[in-house]
Each structure stands twice: as C-alpha cells, then as structure tokens.
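Residue numbers start from 1 in every chain, and the chains themselves are labelled A, B, ... in the order their sequence lines are given, proteins ahead of strands. Values reported hereafter were calculated over all heavy atoms of this structure, with side chains retained and with hydrogens, waters and symmetry mates removed.
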There are 2 protein chains.
Amino acid sequence: MLIGEVSAATGIDTQTIRFYERQGLLPTANRAPNGYRIYNDTVISRLQFVRASQSAGLTLADITGILTQRDSGDAPCAHVSGLLEEKLADVRARQFELAALAADLGRLIESSHDLDPADCSDADICHIISAPRVGQDEASNARTLH
Amino acid sequence: MLIGEVSAATGIDTQTIRFYERQGLLPTANRAPNGYRIYNDTVISRLQFVRASQSAGLTLADITGILTQRDSGDAPCAHVSGLLEEKLADVRARQFELAALAADLGRLIESSHDLDPADCSDADICHIISAPRVGQDEASNARTLH
DNA sequence: CTAAACCTTGAAGTTGAGTATAAGGTCAAG
DNA sequence: CTTGACCTTATACTCAACTTCAAGGTTTAG
C-alpha cells in the first residue's frame, strides 16, 4: 500500500501521515526500490487508534507514550486508564472555568442593557467592561477562552 | 513613571508592556532624554482594561478593536456588546463540546473497569480506546481538549 | 571602580498539530 | 513525448500571547 491509499483509507492527509512518522507515532516505513513508502494494513488500525485517542482528548504526546509501551510488548491499559482519568479531571476543571466565564459574560451583557453609551466616559474606555462591579471575583483573572 | 513602575502597579511584565505597545494596544510611549519610556497614569487604567477584557474572554485583537474605536472618539459600547454576545456563544458551544467529551471519557473509564488487560490484544493497541463500542457518536471526532 | 538594578533593541523560541510551499523524482496513459 | 497523478525531501508558516535570549546603554549605591 502506498501512502495515498493509506490516506484514502483513513481520511488522514499524506502530509499528516509523514508528520506522524517524524513524530514517532508510526514506525519508519519500509520503502519500495523507487523510495516510495510501502505500508501493510496494520498502519490503518494504528492511525485509527490515533484518531480515536485524539477524540478522547489525548495529545499526540500521550498517544506516543501509549504506542511506545505497546510496541515494547506491554499492555498499556493501566497507563491509559490513568491518562483518561487525568483528562477527565482536566475537562471538569475547564468546564468549571467556562461556567464561571459564562456567568461573567452573562452579567456583563445584562449590565450593558442597563447602561447608556452616553454615560461611557473616555477614561474608563468602555463602562460595560471597566465600570466597577460589586462582588467581582478575584479568580476571574487567569480565565481565558479556548 | 518608568516601565518598571507601570509593571509593578499592574502586575504586567515589562516585556509584555513593550509587546502591547508593538501590538498597538498601547500608544507609542513618550521618551525621556535617555531613551527610557515615560508613562502617565492613564496607562494603568488602559492596562487594567486589557486585563479585564481578557478575563471576559476577549482576544488581544478584539481589545485592539475596542481601544482603536475609543481612541478615535467613539463610544465602543455597541461594538463591545456584540463581542460579548459572540464570546458567550463561543463559550456555550465549547461547554457543549466539553460535556460530550466528559461523557465519552466517563464511558471509556467505566469500560476500563470491566476490561481485563490480559484480553488486550496487540492488534487493537489498547482495548479501552479501540475496542468497538456500541452507539459511538460520529461527531465525537473533531473534539479536542483545550 | 564596580556591581546591581534599571532601561534599550531586535530576533528567536514556546506550545500543538498540523498545513503550505518549493523543487524535484517516478510512473502510466495516450 | 508529454501530461497528470503520484511520490520524495526540506523548510517555513500558521495561531495566540507571550517569553527568552543576546548584547548592550544608564543610573545609583557603596
């Protein structure tokens, strides 16, 4: 199988497949006499594993770790469980942050309905954002939108 | 005021303040005869506005837009309201994605309790992630953790 | 005189996961 | 013999918001 066929079979761009090889997610490919990469179909399931792992929130570095362990003969199950628990904790933390941000935005938007643009002074730039608000929580810095 | 004092007053690194100037978030600073940047205290509230806007999820590009409008004499209120509505929509979309990801991770973790590492074959790399699961939703690709 | 604590500039590096560009070799069809 | 679809490599670029590095000038204290 040539790289284009692997690409067609997986939906992953040829450039990306070469990139994964450079990153160590795929073993160094065998070559035909003309220099073309030659694959057997184990590469398909490996690439599908990469995509499945990504959709579970794992990074390529995480996935490299799993694959390396598997390639060395170990079952990576315990390692994977740990990673998934970590990711779930990350997701929950991010959900918490986003909930707070959504609440902030909601308050800001609501206050914008009550404020008159004519009252917006030059010094505070925009009174929707910079007008002093009561009960503003200090932790709201450090929150960003991703 | 020198740049270090502005930094101390706002908690924003001097390098970052120079970076903001290059990005157009701060006007070109006046200079002392020795070349040092000299600030008056309007820069403090401007930097605080930047931080407040960031904590509302606005990007530096968004903030540059607001500041430019304000500097040209317009009240940016209508523009800001629009931005905040957009950001809230982004946050809600992200919350939705994260909820789906959290559910996926929960299912994966639960299945990992039921699976035996001894049953994990070489071919599927890790049966927690790659074992065929019923009712897997197609949209779960395209989700990433941020 | 020297050391420290400031300040200056420009350029490059960081992170993650690719994507794009350039310049070229290979192969089958017509 | 040429066109087009493949394949190869290396290098650079993308996004955002900084951070780090290198190499130097200025000021103040001892």
S.K.: For a salt bridge (charged side-chain N to carboxylate O under 4.0 Å, His left out) check, start with the C-alpha distance between D13(A) and R18(A), then their side-chain angles and the critical distance, and finish with the verdict.
M.R.: CA-CA 9 Å; D13(A) 192 84; R18(A) 293 192 196 98; over 6 Å; no

S.K.: In whole angstrom, give the distance that lies between atom CD1 of I12(A) and atom P of dT19(C).
M.R.: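 These atoms are roughly 10 Å apart.
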
S.K.: Below 4.5 Å, heavy atoms only, C-beta onward: do L60(B) and Q54(B) meet side chain to side chain?
M.R.: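 Touching, per the 4.5 Å side-chain cut-off.
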
S.K.: I need the CG-C1' distance between L58(A) and dA17(C), as an integer number of Å.
M.R.: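 My rounded result for the distance is 14 Å.
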
S.K.: dA17(C) phosphate, OP1 or OP2: any side-chain N/O from T16(A) under 4.0 angstrom?
M.R.: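 Checking dA17(C) against T16(A), no side-chain N or O comes under 4.0 Å of OP1 or OP2.
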
S.K.: Is the closest side-chain donor-acceptor distance between R51(B) and Q48(B) under 3.5 Å?
M.R.: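 Checked: R51(B)/Q48(B) side chains show no N/O donor-acceptor pair below 3.5 Å.
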
S.K.: Would you check if there is a donor-acceptor pair between the side chains of T59(B) and D62(B) at a distance under 3.5 Å?
M.R.: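 There is such a pair (donor and acceptor under 3.5 Å, judged by atom type) between the side chains of D62(B) and T59(B).
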
S.K.: Output one letter per nucleotide in nucleotides 4-10 of chain C: B when a protein non-hydrogen atom lies under 4.0 Å from the base, S when only the sugar-phosphate is that close, - when neither is.
M.R.: --BSBB-

S.K.: Charged N to carboxylate O under 4.0 angstrom, D104(A) versus K87(B)?
M.R.: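 No salt bridge links D104(A) with K87(B).
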
S.K.: Which whole-number value in Å describes the distance from I17(B) CD1 to dC18(D) P?
M.R.: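 Whole-Å distance recorded here is 12 Å.
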
S.K.: Between atom CZ in F19(A) and atom P in dA20(C), what is the gap in whole Å?
M.R.: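 From F19(A) CZ to dA20(C) P: 14 Å.
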
S.K.: For S121(B) and D124(B), which I'm curious about, is there any donor-acceptor pair between the side chains at under 3.5 Å?
M.R.: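 Yes, a side-chain donor-acceptor pair sits under 3.5 Å.
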
S.K.: Can you pull every protein N or O that's under 3.5 Å from an N or O on nucleotides 14-16 of chain C?
M.R.:
none

S.K.: Can you check the E21(A) CD to dG18(C) P distance for me, whole Å?
M.R.: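 To the nearest whole Å, that distance equals 16 Å.
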
S.K.: Is there side-chain contact between L84(B) and L58(B), with at least one heavy-atom pair below 4.5 Å?
M.R.: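 Yes, side chains in contact.
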
S.K.: Output yes when E97(B) and R94(B) qualify as a salt bridge under the 4.0 Å nitrogen-oxygen rule, no when they do not.
M.R.: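 Yes.
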
